[in-house]
Amino acid sequence: MTAGSLAPATLNVLVENHRRFLQFLERRVGSRDIAEDILQDAFVKTLDRPDILPRDDAVIPWFHRVLRNAIIDHYRRGGAERRALEHVAGTTEVAELPRDDELYRVVCACVSSLVDTLKPEYAAAVRRVDLDGILVVDFAREANITPSNAGVRRHRAHAALRKQLALSCNICAEHGCLDCRCGRPAKQMK
């Protein structure tokens with residue numbers, strides 16, 4: 001079903017209270033982005049099932065219950081993800097490969113100079129996890145974010161860093177040449 005299946009008055013009540021719902025969620029989850037995601041999911045579920053909506057004068061309290069349940073689900077999922085990541089981090093063995101000092105010096109010099117061109121939260125993720133060698137779960141704790149959010153942030157940081165390498169080092173980043181002597185830092189990505 002679509003939004004057209006909802007009574008216009010009910011739809012107006014939900015839309016008019018969008019800001020209040022968002023503030024309600026943000027106070028409870030501590031993040032505007034997460035609050036927006038939860039609210040969007042709740043709106044979609046409501047639009048998909050207009051038959052479960054109460055009469056117009058009871059929509060606000062009913063939707064607040066929907067949001068409270070969504071918050072509980074959010075924290076429950078986050079706890080399960082954290083426990084799974086901690087389990088994997090504690091049980092995974094990492095094989096030590098011999099270090100090629102020359103390769104390490106060349107690559108690290110190029111990467112290190114480009115890390116500062118990334119958004120600050122991306123730069124922090126690359127520095128702490130990839131360059132300093134801390135675990136993603138430890139970085140998440142430092143940054144006061146969930147381990148899954150830290151993983152996503154690191155993934156996005158790597159993508160941004162790849163773009164910066166391609167801009168700065170031109171063809172060598174795309175084709176694997178590690179003799180980077182361009183020495184030109186790229187413009188900052190925001």
**Asked** Would a 4.5 Å heavy-atom cut-off, applied to side chains only, mark Val29 and Tyr75 as touching?
**Response** yes

**Asked** Ion pair present between Arg153 and Glu121, side-chain N to carboxylate O less than 4.0 angstrom?
**Response** no

**Complete:** CD1 (Ile145) and CG (Asp33) are apart, to the nearest 0.5 Å, by 11.5 Å

**Arg68/Asp73 ion pair, N-O < 4.0 Å** = no

**Item:** Nearest heavy-atom neighbours spanning Ala125 and Phe139
**Value:** CA-CZ, 3.5 Å

**Message:** Assess the residue pair Leu25 and Arg28 against the criterion (side chain to side chain contact (heavy atoms under 4.5 Å, CB included)); give the C-alpha distance rounded to whole Å, side-chain angles, the decisive distance to 0.1 Å, and a yes or no.
**Reply:** CA-CA 5 Å; Leu25 288 167; Arg28 283 152 181 84; 6.0 Å; no

**Asked** Does NE2 in His64 sit with more than 12 non-hydrogen atoms of other residues, nucleotides or ligands closer than 6.0 Å?
**Response** yes

**Message:** Can you confirm whether the side chains of His158 and Asp130 place a donor and an acceptor under 3.5 Å from each other?
**Reply:** yes

**Request:** Report yes if the side chains of Val126 and Arg154 come closer than 4.5 Å at any heavy-atom pair, otherwise no.
**Result:** no

**Message:** Starting from Val44, can I reach Leu14 by hopping between I/L/V/M/F/W/Y residues whose side chains sit under 4.5 Å apart?
**Reply:** no

**Asked** Can you say whether the rings of Phe43 and Phe21 are parallel (under 30°), tilted (30 to 60°) or perpendicular (over 60°)?
**Response** perpendicular

**Prompt:** Are there more than 12 heavy atoms of other residues, nucleotides or ligands under 6.0 Å from atom CD of Gln40?
**Reply:** no

**Request:** Determine whether Asn17 and Arg20 make a side-chain contact, defined as any pair of heavy atoms from C-beta on separated by less than 4.5 Å.
**Result:** yes

**Asked** Roughly how far, to the nearest 0.5 Å, is CG of Leu118 from CZ of Arg127?
**Response** 8.5 Å

**Prompt:** With hydrophobic residues grouped by side-chain heavy-atom distances under 4.5 Å, do Trp62 and Ile72 end up in a single group?
**Reply:** no

**Item:** Interatomic distance, Leu39 atom CG to Arg32 atom CZ [nearest 0.5 angstrom]
**Value:** 10.0 Å

**Message:** I'd like to know if Asp138 and Arg128 make a salt bridge, using a cut-off of under 4.0 Å between side-chain N and carboxylate O.
**Reply:** no

**Asked** Are Leu131 and Tyr122 joined in one hydrophobic group, where the rule is that I, L, V, M, F, W and Y side chains link up if heavy atoms are under 4.5 Å apart?
**Response** yes

**Message:** Hydrophobic clusters here meaning ILVMFWY residues chained together by side-chain heavy-atom distances under 4.5 Å, can you tell me if Val129 and Leu135 are in one?
**Reply:** no

**Request:** With rounding to the nearest 0.5 Å, note down the distance linking CD in Glu142 to CD1 in Ile134.
**Result:** 4.0 Å

**Message:** Within the supplied structure, the quantity of interest is the number of heavy atoms (other residues, nucleotides, ligands) at a distance under 6.0 Å from Asp132 CG; does it exceed 12?
**Reply:** yes

**Message:** Please tell me whether Leu67 and Ile60 are part of a single hydrophobic cluster in this structure, the criterion being side-chain heavy atoms less than 4.5 Å apart.
**Reply:** yes

**Request:** To the nearest 0.5 Å, tell me how far Ile38 CD1 sits from Asn69 CG.
**Result:** 11.5 Å

**Item:** Beyond-backbone contact of Arg19 with Leu22, side-chain heavy atoms, under 4.5 angstrom
**Value:** no

**Item:** Shortest non-hydrogen contact from Gly151 toward Val136
**Value:** N-CG1, 4.0 Å

